[in-house]
Enquirer: 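Have a look at the structure that comes next, please.
Nothing fancy with the numbering, it's 1 onward along the sequence.
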Amino acid sequence: MKRPLPGWKRLTALLAVAVGSTLPAAAFAAAPTSASTTGHGWVEICKAFTPPTINMNPQPVVNFTVSGGGGTVSVQSGNCSAPIKVNAGSVTITEESQPWYQASAITALPGSTYLTNVDLPNQTATVTVTPDMNVATVNFTDDPVTGYVEICKQAQAGSGLFGNYSFTLSGEDGYTGTTTVPAGACSQPIQVPAGTLTTAEAGSNLYVTGIVATRNGVGNMLVAPAPDLTTGVANVSIEASSDPSVQTDVTYTDNVVALKVCKAWDSQSGAEPGGASTLFPFAFSASGDPGPNGAPLPVSLTAGTLFNPVCSNPTMLRPGTSVTITEGVVPGTKVEGIFAGGALSVVPNSLNLTNRTITVIVGTPITSPKDPTNEAVVTFEDEVADPGTLKICALASSTPGTATSYRYTVSGYPDTVTVPLGSCQIVGSSSTDPFQFPFNSTVTVTQLATAGHAAQSISVIPQYLTQYVAGVPTLTTWPVMVGSPMLGGSGKASSVAVVIGEQTLTEVDFTNGAAAASGGSSGSSSSSSSSTSSTSSSSSSPVSAPAPAPASVNLAPAPLPAVTTPPAQQTQQASNPAPAAVSTSKVKALALTRDRKALVKVTKAIAVTRHTIAKYQAAIKRHVPQQAKLVTAEKRLQLRLKTLLAQQKRLHTAIAQLS
């Protein structure tokens, strides 16, 4: 009986055969240690892979089929299989065929005679197996097989697209690669594994209108599955070639995306401040790869309805461009909802009703289940905002002087307000009938000159603007005080500008006293915590104007740093000199009157909304072609009804507490 070679001799023999391969000595399995069954023997397969020159897996796993009962065996390059039990006699070992590799050598151990036939084109070896303990070891060495691809980029005629576009490539044996191509050009030939190659245009939002693949400009090299224009993915066939001029050409054609902003007014909330001709201004900023990515120009729009809004002319943008849209301040109004649809995706956490802004990325998201489109639409719907009131306090300093009262003018209010020193006065005919200032309007309060006296500091309560969102009072990041107060000095006027919050009583405190002989200086800052905080918020922000502008044509600046709680508001109230108290009964009466008026308004809006929903539900059944739009409108009305009901509940609770 023949004996197997000792382990070290087998290893020496295998290494001699695999010179230049990647086979490690430790990879070879030991021969069986017990006698085999009569009529059976053993084979072993060792695998080597010539190191590829491109980004492929240098140690792929390859499958083999072994006749004589050996079955299917998987062997990783650089290793050998365990001994495989087979029937004695002629056994055929066939390596699984793949387009990206080809057997370049099939050998046996030096001095052996069991390898009787080698068929390199078919990657097959035939061995004679004897019924003993000997192992017939066969070494398969493969070379990678490659071809060439070029990625070309075209812009839709008349689109104006330019700039660079990036692509990712993935192929056989774990191949990966990238390339960047200018519009109107092609990449250099890229060496890739032969077989199927997947190409994908990079980016989260695309508008690919066509993908074709040819072999040197002829034929169709696309393979299943078909190209997906939404994701920009195509599968192409790469034929084996050592000549870079023989290649698969993959051409992507892209188009621009049309972005427009639309304006709607919720007529159920009341009339627009300036009637149907009220203009709502919008500003835009954009970022992204060139080609084109210029931001749309500022635009002012009148308002339609949510179902039929007034829209701007479209601006053509390169897919992937990020656009921030901000609605400007129109006193007496607020943004109720921002709705984005079509070829875009909303940047997470960018939609902010109190800042009247949203950021979108134009282009159809690659995660979209729908076919790509080239129209992106963002609709802002506004509603009436409840007004706010104003209280002025004349506080005494440590050197109060001889003045017993001070007079004030308030922009937007026709009369002069006189406030006794040490007291407060709500602006209006009475504390129960205060003057209503539009929400988000900027009001300048001026203390008129008093001989020998001066305002020593001016502070404001609250520090940040309040807006009701879905019926809930929400503290925004907008400072109530605009800039720094102006202290006029001895015998001169002093003033401060404030922004009116929604359903908020804004208090302006002037601390007064006898003026020094030298007088004060114009523009000196207040010592109050409120004005100090306002100034620091402004300076720490990259925004030049920290508060909403008073005129409807002015646009809001970028959002200020987020404030989650009313910072320093309670501290400010504690540190300010305590004004003379307004009658508690008057304050309650004022709040009760306000809430009762609001309840009437909300109850009426609920009735109107329910009636409109019923009309939409009936229309949905009649107008089948318009069902999608009608259903969308009906859903928005249902959301508004839910908000109104929550607001009604809150008002009932507030009235019950005040009564």
Side-chain angles (χ1 to χ4, degrees), residues 1-51 57-98 100-144 173-174:
M1 177 183 294
K2 294 180 180 180
R3 299 290 182 184
L5 289 171
W8 69 270
K9 290 184 177 181
R10 286 186 64 247
L11 177 59
T12 302
L14 285 171
L15 290 174
V17 173
V19 172
S21 75
T22 59
L23 292 176
F28 298 100
T33 57
S34 59
S36 61
T37 305
T38 303
H40 292 84
W42 304 88
V43 296
E44 180 183 52
I45 303 170
C46 294
K47 181 76 180 67
F49 191 61
T50 302
N57 177 15
Q59 291 185 291
V61 176
V62 178
N63 295 327
F64 295 83
T65 56
V66 182
S67 66
T72 300
V73 179
S74 297
V75 184
Q76 184 177 30
S77 297
N79 292 276
C80 296
S81 69
I84 305 163
K85 185 177 180 180
V86 294
N87 296 327
S90 181
V91 174
T92 300
I93 304 172
T94 303
E95 185 175 17
E96 180 184 56
S97 178
Q98 292 287 353
W100 50 273
Y101 64 80
Q102 175 61 46
S104 57
I106 302 176
T107 61
L109 295 178
S112 65
T113 59
Y114 53 78
L115 182 60
T116 58
N117 185 60
V118 171
D119 184 351
L120 282 178
N122 292 313
Q123 303 181 152
T124 299
T126 303
V127 296
T128 299
V129 177
T130 57
D132 53 30
M133 298 293 293
N134 284 306
V135 177
T137 299
V138 182
N139 305 293
F140 282 76
T141 301
D142 290 352
D143 291 341
D173 191 34

Enquirer: So, Asp173 side chain and Asn57 main chain: donor-acceptor pair closer than 3.5 Å or not?
Expert: yes
Enquirer: Would you name the heavy atoms of Ile106 and Phe140 that are closest together and state the gap between them?
Expert: CD1-CE2, 3.5 Å
Enquirer: For the pair Thr137 (side chain) and Glu44 (backbone), establish whether a donor and an acceptor sit closer than 3.5 Å, ignoring hydrogens and angles.
Expert: no
Enquirer: Would you sort out whether Lys47 and Val61 count as a side-chain contact (heavy atoms from CB on, under 4.5 Å), showing the intermediate values?
Expert: CA-CA 9 Å; Lys47 181 76 180 67; Val61 176; over 6 Å; no
Enquirer: Step by step, work out the side-chain contact (heavy atoms from CB on, under 4.5 Å) result for Asp142 and Glu95.
Expert: CA-CA 10 Å; Asp142 290 352; Glu95 185 175 17; 2.3 Å; yes
Enquirer: Give a yes or no on whether the backbone of Thr141 and the side-chain of Ser104 come within a donor-acceptor separation of less than 3.5 Å.
Expert: yes
Enquirer: Mind listing the closest non-hydrogen atom pair of Val73 and Ser81 along with its distance?
Expert: CG1-CB, 3.9 Å
Enquirer: How would you list, by chain and number, every residue that makes a side-chain contact (heavy atoms from CB on, under 4.5 Å) with Gln98, sequence neighbours excluded?
Expert: Glu96, Trp100, Tyr101
Enquirer: Give a yes or no on whether the backbone of Leu120 and the side-chain of Gln102 come within a donor-acceptor separation of less than 3.5 Å.
Expert: yes
Enquirer: Sub-3.5 Å donor-acceptor pair from the side chain of Gln123 to the main-chain atoms of Ala103, do we have one?
Expert: yes
Enquirer: Considering all heavy atoms of both residues, which atom of Phe49 and which atom of Pro58 are nearest to each other, and what is their separation?
Expert: CD2-O, 3.6 Å
Enquirer: Where the side chain of Thr92 meets the backbone of Ser67, is there a donor-acceptor pair that is under 3.5 Å apart?
Expert: no
Enquirer: Carefully, step by step, assess Thr94 and Thr124 under the rule side-chain contact (heavy atoms from CB on, under 4.5 Å).
Expert: CA-CA 4 Å; Thr94 303; Thr124 299; 3.4 Å; yes
Enquirer: Distance from Thr72 atom OG1 to Phe64 atom CZ, nearest 0.5 Å?
Expert: 11.5 Å
Enquirer: Do Val75 and Cys46 touch side chain to side chain, with heavy atoms closer than 4.5 Å?
Expert: no
Enquirer: What's the spacing between Leu109 CG and Leu115 CG if we round to 0.5 Å?
Expert: 10.0 Å
Enquirer: So among Val118, Thr107, Ile93, Thr126, which one has a side-chain contact (heavy atoms from CB on, under 4.5 Å) with Val138?
Expert: Ile93
